[in-house]
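Below: one structure, written as structure tokens.
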Amino acid sequence: MSDQDWRSPKAYDYLQDLSAPGLAWEFLRRNADYRADFANPDIRAALDAGAAGSTRRWGLRFRG
């Protein structure tokens, strides 16, 4: 979608083939609060480690 017009329905055709987790990621990665958390090194480390808080705050679960 990088160089396509965001107003064009064709720019979103790829969404039809996404799994449920893929679709959830598309929404989460656009969330300003999530992006702020991800930019914070301490919170990022906790997210990367699969901290329990990430489940409560963002609904993320990591395979262990």
Worksheet entry | Closest non-hydrogen atom pair, Asp42 against Asn40 | N-OD1, 2.9 Å
Worksheet item: Of the non-hydrogen atoms in Arg35 and Arg29, which two are nearest, and what is the gap between them?
Response: CD-O, 3.0 Å
Worksheet item: How many angstroms lie between atom CZ of Phe27 and atom CG of Leu15, to the nearest 0.5 angstrom?
Response: 7.0 Å
Worksheet item: Just checking, is any N or O donor in the side chain of Tyr12 or Glu26 under 3.5 Å from an acceptor N or O on the other one?
Response: no
Practice prompt. Report the distance from atom CG of Leu28 to atom CG of Leu23, rounding to the nearest 0.5 Å.
Written response: 11.5 Å
